[in-house]
Asks: 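Quick one: the structure is below, and I'll ask about it shortly.
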Amino acid sequence: MDHEGQRVSRRSLFAGVTSLGFGGVLAACGDDDGKARPRTDLVGLFSDANVCTLTPTVTQGPYYFDADKVRGDIREDRPGKKLRLVIRLQDSEGCAPIGDAIVELWHCDAAGVYSGAEAQSTGGGGEGMPSGAPGGAPPGSGAPGPPPAPQNSPGDPAAGPPSGLPGPNDVLPPGAGAPSDVPAPPNPAPGVSPPGGVPGGAPGSPPAGRPGVPGASGATRAGDGMGDLTPTDDKRYLRGAQVTDRNGIVEFTTVWPGWYRGRTVHIHAMVHIDSKRVLTTQMMFDETLNAKVFTEAPYASRTGRDTFNENDPIFQEVMLLKLTEDGDGYLGVIAFAADADSDGR
C-alpha cells in the first residue's frame, strides 16, 4: 500500500485522530473489503523464506520517533543508490502472514545523518564523521583504519548526543562483544537464563520479539534503555510506514544507507500490531555490495568507515537482506517473524 500522493498520518491508523481512521486508510488504498491490496506479484520472492524463527529484537537506537508518515517512497530529496525493499511479515509460530500490521522504517542518509536529529547525528558522540578521514578498509585487509571515536559513558549527565552504540541494557547477538568503551551487559545470576533465551540479555529485558516496556516519557521501547527521541528539526526524510496486505507484504522505495562510526550499514524497522510494538529489529547488507555501492557518488567522498558486519555488536546473519540488482538500483527482500500474540514464541 503506497500512499504517495495521499500521505496519511500514521497516528490516524491507530487512534482515528483524523476522519480517515484506521479502516478508512485501508479502504482508501485497498480492496472493497477494506484490506490492503495484496501484492500477489511479490509473494514468489519469499518462496525460500518460510522459516518460522522469531526475528531477533534489538535496540531501536537513539534516533527513533513517530515520524507520522505513511508512505512507500521515503527518499524525499536524499541522493543515493535506489533501493527497493520488500518485507513479508509472518507469525513466528505458524508462518501465517500477518495482514493489517504497520511496518515502520528509518535510517541514515548517504552522509550518515538522520532526519529529525541532524544535529545529534552529525559529528557528535561518534555518530557522524567528516569526509576524508583515513582508512575505511574492511577488517583483515591489512589497511590501517581510523582510531576509535571517543564515546560518552552511558548515564553520564555531562554526556553529549547518543553514540548509536548499544548501551548496558542492549541485547547483543551470541558471541558479540560490546565495544571497549561501552560497558558489557550485566551477567545473570548463576543458573538463571537470560530472559527470552537471548545470550547477553540484561536482566529485566523482554524476550526477543516481545513488545517494549514503558519508557520514562511513557513511550514503549525495545527494553534497551532508549526512549523515543524528541525531534530537533523538521526533516523527515528516510522515515515512513506501510500497512501489510493480506500476504503480510509491504514495499518501500528508499536509498542505500550510508554509515557512521561504531555501526555497520543498517536500516531500522519496527512492527506495530493493534497499536502495540511487537518487533524492533534491523536489516543489514552484504559487505561486498556495500563496498561496491560506496565507490559511487554520493558515498565515495566519505572514507574512514570503521565498523563492518564482522565487528558490529548487533549484526546477525538472519538480519541480512537478500539483494539483487533491480534496474538502476537494488531489490532487498527479507521476512520478519513476529510474536503476534506476545507469548514469547
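If you read the sequence from its start, that first residue is 1, and numbering goes on from there.
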Asks: So do D339 and L54 actually touch side chain to side chain, heavy atoms under 4.5 Å?
Replies: yes
Asks: Taking it one step at a time, do T244 and I249 satisfy side-chain contact (heavy atoms from CB on, under 4.5 Å)?
Replies: CA-CA 5 Å; T244 58; I249 293 175; over 6 Å; no
Asks: For A101 versus I98, what's the shortest heavy-atom pair and its separation?
Replies: CB-CG2, 4.1 Å
Asks: Does a side-chain heavy-atom distance below 4.5 Å link R88 with I334?
Replies: no
Asks: Nearest 0.5 Å, what's the CG-CZ distance between L331 and R84?
Replies: 5.0 Å
Asks: Say you draw a straight line from OG1 of T281 to CD1 of I87; how long is it, rounded to the nearest 0.5 Å?
Replies: 10.0 Å
Asks: Before you tell me yes or no, could you show the steps for K292 and E325 under salt bridge (charged side-chain N to carboxylate O under 4.0 Å, His left out), namely the whole-Å CA-CA distance, both residues' side-chain angles and the distance that decides it to 0.1 Å?
Replies: CA-CA 12 Å; K292 180 180 179 181; E325 292 187 0; 3.3 Å; yes
Asks: Is there a side-chain contact between V318 and L320 (heavy atoms, below 4.5 Å)?
Replies: no
Asks: Quick one: list whatever passes salt bridge (charged side-chain N to carboxylate O under 4.0 Å, His left out) with R236, sequence neighbours left out.
Replies: none
Asks: I would like to know whether V255 and L83 meet side-chain contact (heavy atoms from CB on, under 4.5 Å); could you show each step before the answer?
Replies: CA-CA 5 Å; V255 297; L83 177 63; 5.8 Å; no
Asks: For Y260 versus G112, what's the shortest heavy-atom pair and its separation?
Replies: CD2-O, 3.9 Å
Asks: Does the ring center of W106 lie less than 6.0 Å from the ring center of Y63?
Replies: no
Asks: Would you say D109's side chain and R78's backbone share a donor-acceptor pair under 3.5 angstrom?
Replies: no
Asks: Got a second to check how far D100's CG is from D245's CG, nearest 0.5 Å?
Replies: 9.0 Å
Asks: Any Lys/Arg nitrogen of R277 or D228 sitting under 4.0 Å from an Asp/Glu carboxylate oxygen of the other?
Replies: yes
Asks: Tell me the closest heavy-atom pair linking P56 and L279, and the distance in Å.
Replies: O-CD1, 4.0 Å
Asks: Using a 3.5 Å distance criterion without hydrogens, assess whether the side chain of T55 forms a donor-acceptor pair with backbone atoms of A337.
Replies: yes
Asks: For the pair T59 and I314, evaluate side-chain contact (heavy atoms from CB on, under 4.5 Å) and give the outcome as yes or no after the intermediate values.
Replies: CA-CA 8 Å; T59 177; I314 292 175; 3.3 Å; yes
Asks: Is there side-chain contact between R71 and I74, with heavy atoms separated by less than 4.5 Å?
Replies: yes
Asks: Does any N or O in the side chain of R239 come within less than 3.5 Å of the main-chain N or O of S115, such that one atom is a donor and the other an acceptor?
Replies: yes
Asks: Go through the side-chain N and O atoms of T264 and N309 and say whether any donor and acceptor fall under 3.5 Å apart.
Replies: yes
Asks: As an exercise, state the distance from SG of C108 to CZ of R263, rounded to the nearest 0.5 Å.
Replies: 10.0 Å
Asks: Please tell me whether R261 and T307 have a donor and an acceptor in their side chains that are separated by less than 3.5 angstrom.
Replies: no
Asks: Do K81 and Y330 come close enough that some side-chain heavy atom pair is under 4.5 Å?
Replies: yes
Asks: Establish, from distance only, whether the side-chain atoms of Y114 and Y237 form a donor-acceptor pair under 3.5 Å.
Replies: no
Asks: For M226 versus G61, what's the shortest heavy-atom pair and its separation?
Replies: SD-C, 3.1 Å
Asks: Just by distance, do the side chain of D306 and the backbone of G262 share a donor-acceptor pair under 3.5 Å?
Replies: yes
Asks: Within a strict 4.5 Å, meaning less than it, do heavy atoms of the L238 and T254 side chains meet?
Replies: yes
Asks: Between H272 and E104, does any side-chain donor sit less than 3.5 Å from a side-chain acceptor?
Replies: yes
Asks: Give me the atom names and distance for the closest heavy-atom approach of C95 to Q90.
Replies: O-CB, 3.8 Å
Asks: Would a 4.5 Å heavy-atom cut-off, applied to side chains only, mark I267 and L85 as touching?
Replies: yes
Asks: Give the C-alpha distance, both sets of side-chain angles, the deciding distance and a yes or no for salt bridge (charged side-chain N to carboxylate O under 4.0 Å, His left out) between K276 and D274.
Replies: CA-CA 5 Å; K276 295 185 297 184; D274 297 330; over 6 Å; no
Asks: Are any side-chain N or O atoms of R302 and backbone N or O atoms of W259, one a donor and one an acceptor, separated by less than 3.5 Å?
Replies: yes
Asks: In the structure I gave you, are the side-chain heavy atoms of E118 and T232 within less than 4.5 Å of one another anywhere?
Replies: no
Asks: Considering only NZ, NE, NH1 and NH2 on the basic side and carboxylate oxygens on the acidic side, decide whether D73 and R75 come within less than 4.0 Å.
Replies: yes
Asks: Tell me whether D91 contacts the main-chain N or O of A96 through its side chain, where contact means a donor paired with an acceptor under 3.5 Å.
Replies: no
Asks: Check the pair K69 / E76 against salt bridge (charged side-chain N to carboxylate O under 4.0 Å, His left out), numbers first and verdict last.
Replies: CA-CA 12 Å; K69 297 286 188 182; E76 295 190 8; 5.2 Å; no
Asks: Can you give me the closest heavy-atom contact between Y299 and A110, atom names plus distance?
Replies: CE2-CB, 3.5 Å
Asks: In Å and rounded to the nearest 0.5 Å, what is the NE2 to CD distance from H266 to Q282?
Replies: 4.5 Å
Asks: Please report the interatomic distance CD(Q60) to CE(M270), rounded to the nearest 0.5 Å.
Replies: 4.5 Å
Asks: Could you check, using the six-membered ring where one of them is a Trp, whether F252 and H107 have ring centers closer than 6.0 angstrom?
Replies: no
Asks: Please step through side-chain contact (heavy atoms from CB on, under 4.5 Å) for the pair W256 and F294, ending with a clear verdict.
Replies: CA-CA 9 Å; W256 199 283; F294 290 166; 3.9 Å; yes
